[in-house]
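For reference, the structure is listed below as structure tokens.
Naming convention: chains lettered A, B, ... in sequence-line order (proteins, then strands); numbering from 1 in each chain.
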There are 2 protein chains.
Amino acid sequence: MQNSEALALAAALLAAAGDLTQRINDGVVARGFEARPAWGFAFARLAPDGATVTELAGHLGVTKQAASQLVDEIVRKGYAERRPHPEDARARLVVLTERGWACTRAAEEAAAEAVRTWVDVLGEGEVRALRERLGRIAPNGPIKPAW
Amino acid sequence: MQNSEALALAAALLAAAGDLTQRINDGVVARGFEARPAWGFAFARLAPDGATVTELAGHLGVTKQAASQLVDEIVRKGYAERRPHPEDARARLVVLTERGWACTRAAEEAAAEAVRTWVDVLGEGEVRALRERLGRIAPNGPIKPAW
DNA sequence: GCATATAGTCAAGCTGCTTGACCATCTTGG
DNA sequence: CCAAGATGGTCAAGCAGCTTGACTATATGC
């Protein structure tokens with residue numbers, strides 16, 4: 001594979017990821033929730049059992065102060081709440097509210113809707129194959145913005 | 001395809017894109033250039049014939065002021081220079097310097113190196129297929145951060 | 001040739017992140 | 001058991017990269 005092809009692959013990957021993210025977010029907003037794309041990854045970590053701010057920070061690859069600000073915001077908007085941690089009096093467990101769960105379901109619907117346009121182009125089998133291959137090469141580290 | 005699978009596809013796409021971007025950037029830095037990931041997309045638009053600040057802004061999906069700041073930075077660091085536009089006295093043509101070209105080649109090498117680890121996992125054919133499929137679903141709009 | 005559109009810049013402000021300092025609580029070794 | 005260090009969380013200040021708004025210089029169209 002030539003060097004320039006590798007860069008083209010990277011560009012296509014970024015473009016597809018950015019497009020999908022945008023459309024999922026638009027779909028979530030269209031369903032009546034106000035959300036930022038980064039929230040999706042926070043929600044994924046909070047579901048199903050909640051998480052501490054520090055755990056969330058590790059998952060998102062940011063400082064705990066930044067994670068705490070993000071929690072402030074989703075709490076203020078009613079998507080989650082802070083509870084005392086059952087086993088550690090220092091920590092606080094952040095859990096999704098019913099509204100938070102509804103937003104999560106909306107994100108899943110919006111994602112399915114966005115992916116459907118890909119199925120129209122590539123067919124169901126190829127999209128599945130795409131997902132399977134991405135799963136094999138995607139790292140398990142913190143979720144970070146693409147740039 | 002179930003809704004939750006669509007979200008998993010989005011997550012895998014983001015993770016792969018973020019990982020690749022990170023590794024390309026690391027590779028560029030290791031080759032002795034100081035660069036930010038967003039620069040790659042600016043460089044791609046500047047090569048081969050240069051571009052105006054406004055064209056660059058459209059390509060990157062930001063305001064022309066933001067694009068101008070980015071140009072300030074890459075000019076200051078010697079990767080590009082501003083020239084009078086040959087056909088429009090209002091405009092200035094931003095073109096890569098030799099150092100800018102060297103940085104671009106370094107990015108291509110780093111991308112090839114990063115993709116090579118994927119080839120090890122998936123095989124050459126599958127990576128090619130991945131690229132081809134992403135090319136078919138990637139939009140042609142402005143390049144925007146994944147979130 | 002004048003009115004309007006466009007390329008670019010300067011300035012100010014905002015947002016989301018960082019680093020640094022700090023307190024409360026947990027854990028561990030003597 | 002308890003002192004010392006590690007860890008969870010917050011407050012405060014600062015910074016980077018973007019935005020909006022205002023402006024100048026040049027181009028374009030009637």
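- In this structure the side chain of B:Glu132 reaches within 4.5 angstrom of the side chain of B:Arg136, judged on heavy atoms.
- One atom, CZ of B:Arg76, and another, C1' of D:dA16, lie 12 Å apart when rounded to the nearest Å.
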Discussion item. Pair B:Leu122, A:Ile137 - check side-chain contact (heavy atoms from CB on, under 4.5 Å), show working.
Written reply: CA-CA 8 Å; B:Leu122 297 181; A:Ile137 57 182; 3.8 Å; yes

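- Using a 4.0 Å cut-off between charged side-chain N and carboxylate O, B:Glu98 and B:Arg105 make a salt bridge.
- Atom NZ in B:Lys64 sits roughly 10 Å away from atom P in C:dT9 (whole-Å rounding).
- Under 4.0 angstrom from either OP1 or OP2 of C:dT19 there lies no side-chain N or O belonging to A:Thr63.
- Atom CD of A:Glu73 is separated from atom C1' of C:dT15 by 10 Å (rounded to the nearest Å).
- Out of C:dA7, D:dT10, D:dG17, the shortest distance to the side chain of B:Thr52 is found at C:dA7.
- Across B:Trp101 and B:Pro48, no two heavy atoms sit closer than the pair CH2-CA, 3.8 Å.
- Using a 4.0 Å cut-off, no side-chain N or O of A:Ser68 falls inside it from OP1 or OP2 of D:dG9.
- Separating the CG atom of A:Asp72 from the P atom of D:dG9 is a distance of 12 Å, rounded to the nearest angstrom.
- A salt bridge links B:Arg23 to B:Asp19: at least one charged side-chain nitrogen sits closer than 4.0 Å to a carboxylate oxygen.
- Note: CD (B:Glu55) to P (C:dA7) measures 9 Å, nearest angstrom.
- Atom CD of A:Gln65 is separated from atom P of D:dT7 by 16 Å (rounded to the nearest Å).
- Listed in residue order, the members of residues 79-92 of chain B having a heavy atom less than 4.0 Å from DNA chain D are B:Asp88, B:Ala89, B:Arg90.
- In this structure, CD of B:Gln69 is placed 12 Å from C1' of C:dG13, rounded to the nearest angstrom.
- A salt bridge is absent between A:Asp72 and A:Arg76: the closest approach of a Lys/Arg side-chain nitrogen to an acidic carboxylate oxygen does not fall below 4.0 angstrom.
- Spacing between atom CZ of A:Phe41 and atom P of C:dC17 amounts to 13 Å, rounded to whole angstrom units.
- Checked for salt-bridge contact, A:Arg83 and A:Glu81 meet the test: a charged N lies under 4.0 Å from a carboxylate O.
- The phosphate of C:dT6 (OP1 or OP2) has no side-chain N or O of B:Thr54 nearer than 4.0 angstrom.
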